[in-house]
Amino acid sequence: MVQPLGYLKESPSQTAGPYVHIGLTPNFVGIHGIYAEDLGVGALVNEKTRGERIVIRGRVIDGSGTPLKDALVEIWQADAAGLYNSPLETRGKADENFSGWGRSPAHFETGEFVFETVKPGRVPFQDGRLMAPHVTLWIVARGINIGLHTRMYFSDEADANAEDPVLARIEHKVRIPTLIGQRDGDAYQFDIHLQGERETVFFDM
Amino acid sequence: MRNTIPEAGPLFVRDRAMQPPAYTPWYKTSVLRAPTRALLSLEGTRSEITGPVFGHNMLHELDNDLIHNYAKPGESAIGPRILVHGRVLDESNRPLPGVLVEFWQANAGGRYRHKKDTYLAAIDPNFGGVGRAITDDDGYYWFKTVQPGPYPWPNGVNDWRPAHIHFSIFGKSFAQRLITQMYFEGDPLIWRCPIVQTIPDKAAIERLVAPLDMNATLPMDMRAYKFDIVLRGRRSTMFENRREGN
Ligand SMILES: [Fe+3]
């Protein structure tokens with residue numbers, strides 16, 4: 001026998017279930033008076049935030065083509081200078097008027113999620129090469145047993161996208177467009193397909 | 001000098017054998033919502049290693065008291081009073097301070113305060129079913145609530161959820177983000193539940209079953225259940241500079 005290593009195992013995930021909004025956005029489902037406002041819902045920016053204002057909009061779509069109306073999406077992104085507002089950010093201090101994190105329930109009828117944010121700057125990969133601007137998304141819902149991680153890149157950053165070390169890892173190039181939000185005015189449309197021909201690339205990170 | 005490991009390394013590889021797969025046809029909703037292609041492996045970049053933090057100052061004093069946070073003044077939620085407490089740790093068995101833990105649940109009759117929940121059990125006018133806490137310096141959290149009831153749900157013709165509390169947990173890294181459920185020791189519905197059975201490993205399921213904790217029970221007031229949560233561990237960056245330049 002040898003000494004035990006003594007590591008613990010990550011707690012197993014369970015689906016967020018049909019009532020995830022009670023827990024994470026109670027005001028959205030009419031439970032008022034416990035929290036003054038729902039955490040992370042609404043604009044990520046205030047008037048002092050630095051950077052280009054953008055809107056990210058999309059739906060989470062199941063294998064029948066139906067948008068999920070009970071999903072919840074969170075985003076995490078760098079500020080306009082490419083810095084994360086996190087104690088684990090070691091390269092400098094991020095914009096104090098930008099938390100970089102947001103939460104959006106899917107709309108009850110359309111299933112649409114919306115984030116009002118800024119376009120993130122570029123962040124280095126482990127080897128120092130710059131990644132293209134991107135936003136990390138995390139999706140939970142009834143029927144999703146473990147939260148899904150993906151990224152949205154930007155359609156108007158074709159040059160940066162072409163040299164992005166993460167996009168370069170995608171073996172089937174035909175799938176890269178599933179990670180690109182399409183610019184339309186100041187908004188980017190980003191539908192997340194759980195299955196089918198356009199199934200979004202999800203990450204094991 | 002403190003001999004602690006610097007905290008900016010990538011996370012331990014997730015042990016998918018202990019986690020539910022996406023496609024679990026006995027839990028019917030998963031069938032059209034399960035990605036079918038392989039996930040793209042990505043060793044944590046800064047985008048996944050970093051994550052948001054939440055300050056204790058965002059909390060209201062009743063945020064971790066579900067018995068009272070939705071009740072009219074002088075009233076309280078109906079049901080067996082319990083204290084739920086535990087620690088948030090990482091896989092290296094280190095407590096994680098400053099972690100936001102959010103929880104939601106049905107009332108003592110098994111009914112959620114949600115327009116889509118049409119179960120026969122009564123709504124409790126004094127119970128909202130939601131609360132939150134942030135772990136202290138020792139990774140510890142606690143809240144007071146009423147024990148939720150089991151409830152039937154449309155899946156098989158006679159499927160029941162065991163009594164459970166939903167948990168959402170933030171680590172220090174966005175890649176540690178986790179949603180799970182806590183079950184109660186001794187509930188015979190646990191082993192009959194299709195959602196519980198999405199987890200492929202029996203020992204992993206048992207880590208979601210909170211034991212009755214008589215030592216933490218408040219005599220003549222409430223019983224206690226202990227529920228520890230483990231988030232993914234983090235590799236050391238102590239030797240990171242060896243990799244530079246390659
Ligand atoms: Fe539930």
Side-chain angles (χ1 to χ4, degrees), chain A residues 6-20 22-24 26 29-31 33-34 62-64 68 74 76 78 84-90 99-101 123-126 131 134 136 138 140-149 166 169-170 194-195 199 201-205, chain B residues 7-8 14-15 18-22 24 29-30 32-33 35-37 39-42 44-53 69-70 89 91-93 102-104 112-114 116-117 128-130 166 168 172-175 177-181 195 198-199 204 207-208 229-233:
Chain A
Y7 290 114
L8 304 176
K9 282 286 186 190
E10 184 190 20
S11 297
S13 170
Q14 291 270 260
T15 178
Y19 307 123
V20 59
I22 292 177
L24 303 189
V29 288
I31 300 175
I34 298 181
D62 75 13
S64 79
L68 273 57
E74 290 182 359
W76 172 241
Y84 283 99
N85 195 337
S86 161
L88 297 182
E89 174 60 86
T90 52
S99 79
W101 175 77
V123 175
F125 194 60
Q126 283 95 322
M131 295 188 279
H134 64 274
T136 298
W138 182 72
V140 292
R142 175 173 68 103
I144 294 177
N145 290 327
I146 182 164
L148 299 169
H149 283 278
V166 174
R169 282 198 189 177
I170 299 174
L194 299 176
Q195 296 179 353
E199 180 177 318
V201 174
F202 296 105
F203 293 86
D204 190 9
M205 51 178 52
Chain B
E7 279 220 5
R14 179 168 251 163
D15 185 351
M18 295 284 172
Q19 293 291 347
T24 49
T29 316
S30 74
L32 281 175
R33 297 183 172 197
T36 61
R37 321 229 179 163
L39 303 176
L40 182 70
S41 293
L42 178 62
T45 72
R46 283 175 189 278
S47 302
E48 296 79 39
I49 289 170
T50 54
V53 284
N69 70 6
Y70 196 76
L89 307 159
E91 290 176 299
S92 298
N93 207 354
E102 299 165 285
F103 19 85
W104 66 101
Y112 284 94
R113 182 172 287 280
H114 195 285
K116 288 210 175 140
D117 189 352
V130 51
H166 297 265
S168 162
K172 300 294 178 192
S173 299
F174 202 58
R177 197 78 182 79
L178 181 71
I179 279 188
T180 189
Q181 302 181 27
I195 287 176
T198 62
I199 301 168
R207 286 189 277 110
L208 297 182
I229 298 158
V230 180
L231 301 181
R232 294 170 66 186

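Values reported hereafter were calculated over all heavy atoms of this structure, with side chains retained and with hydrogens, waters and symmetry mates removed. Just so it is clear: chains get the letters A, B, ... in the order the sequence lines come, proteins before strands, and each one is counted from 1.
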So B:His114 and A:Tyr19, would you call those rings parallel, tilted or perpendicular, with 30° and 60° as cut-offs?
-> tilted
Tell me, do A:Val20 and B:His166 make a side-chain contact under 4.5 Å, heavy atoms counted?
-> no
Check each atom of B:Thr198 against the heavy atoms of chain A and say whether the ones under 4.5 Å are side chain, backbone, both or neither.
-> side chain
Any donor-acceptor N/O pair, B:Glu91 side chain to A:Tyr7 backbone, under 3.5 Å = no
Atom group of B:Ser168 that falls short of 4.5 Å from chain A, counting heavy atoms = side chain
Chain B heavy atoms under 4.5 Å from A:Val140: which part of the residue, side chain, backbone, both or neither?
-> side chain
Side chain, backbone, both or neither: which part of A:Phe202 has an atom under 4.5 Å from a heavy atom of chain B?
-> both
What's the spacing between A:Phe125 CZ and B:Leu42 CG if we round to 0.5 Å?
-> 6.5 Å
Toward chain B, the part of A:Ala78 with a non-hydrogen atom under 4.5 Å | neither
Between A:Ser13 and B:Thr180 the two heavy atoms that sit nearest each other are C-OG1, 4.1 Å
Could you tell me whether the side chain of A:Gln14 and the main chain of B:Ile195 form a donor-acceptor pair under 3.5 Å?
-> yes
Which residue out of B:Thr29, B:Leu32, B:Leu231 racks up the most heavy-atom pairs below 4.5 Å with chain A?
-> B:Leu32
Locate the shortest heavy-atom distance separating B:Ala204 from A:Pro12; write the atom from each residue and the value.
-> O-CG, 3.2 Å
Mark yes or no for whether B:Ser41, through its side chain, and A:Asp204, through its backbone, hold a donor-acceptor pair below 3.5 Å.
-> no
Show your reasoning for whether side chain to side chain contact (heavy atoms under 4.5 Å, CB included) applies to B:Arg14 and A:Glu10.
-> CA-CA 8 Å; B:Arg14 179 168 251 163; A:Glu10 184 190 20; 2.7 Å; yes
At a heavy-atom separation under 4.5 Å, does B:Gln181 approach chain A through its side chain, its backbone, both, or neither?
-> both
Applying side chain to side chain contact (heavy atoms under 4.5 Å, CB included), run through A:Val123 and B:Thr45 and close with a yes or a no.
-> CA-CA 9 Å; A:Val123 175; B:Thr45 72; 5.9 Å; no
What's the spacing between B:Ile229 CD1 and A:Leu8 CG if we round to 0.5 Å?
-> 13.0 Å
Per-residue tally against chain B (heavy atom, under 4.5 Å) across A:Leu148, A:Ile170, A:Leu24 peaks at A:Leu24
Residue pair A:Pro87 / B:Gly51: nearest heavy atoms and the distance that separates them | CD-O, 4.3 Å
Are the side chains of B:Arg113 and A:Val29 in touch, meaning some heavy atoms are under 4.5 Å apart?
-> no
Can you check whether B:Pro52 reaches A:Trp76 side chain to side chain, under 4.5 Å on heavy atoms?
-> yes
Okay, side chain of A:Asp62, backbone of B:Arg33: is any donor-acceptor separation there less than 3.5 Å?
-> no
With the side chain counted from C-beta on, respond yes when A:Trp138 and B:Ile179 share a heavy-atom pair under 4.5 Å apart, and no when they do not.
-> yes
When B:Leu208, B:Leu89, B:Val53 are compared by non-hydrogen pairs under 4.5 Å with chain A, the top option | B:Leu208
CE of A:Met131 to CZ of B:Arg46, rounded to nearest 0.5 Å, is 9.0 Å
Taking A:Gln195 for its side chain and B:Thr36 for its backbone only, find out whether a donor-acceptor pair lies under 3.5 Å.
-> no
Taken to the nearest 0.5 Å, the spacing of A:Gln126 CD from B:Ile49 CD1 works out to 6.5 Å
Under 4.5 Å, counting heavy-atom pairs only, tell me which of B:Arg37, B:Glu48, B:Glu102 racks up the most with chain A.
-> B:Arg37
Contacting region of B:Arg207 [heavy-atom separation from chain A under 4.5 Å] | side chain
In this structure, CD1 of A:Ile22 is separated from CG of B:Asp117 (nearest 0.5 Å) by 7.5 Å
Top contributor to chain B contacts, counting heavy-atom pairs under 4.5 Å, from A:Gly6, A:Ala16, A:Gly23 = A:Gly23
Answer with side chain, backbone, both or neither: which region of B:Leu178 has an atom nearer than 4.5 Å to a non-hydrogen atom of chain A?
-> both
When the 4.5 angstrom heavy-atom criterion is applied to A:Thr15 and chain B, the contacting part is both
Minimal heavy-atom distance between A:Ser11 and B:Gln19, with the atoms involved, is O-NE2, 3.1 Å
Under 4.5 Å, counting heavy-atom pairs only, tell me which of B:Ser47, B:Gly44, B:Pro20, B:Ser30 racks up the most with chain A.
-> B:Ser47
Shortest non-hydrogen separation from A:Ile31 to B:Val130 and the atoms involved = CG2-CG1, 4.4 Å
Is the shortest heavy-atom distance from the side chain of A:Met205 to the side chain of B:Leu39 under 4.5 Å?
-> no
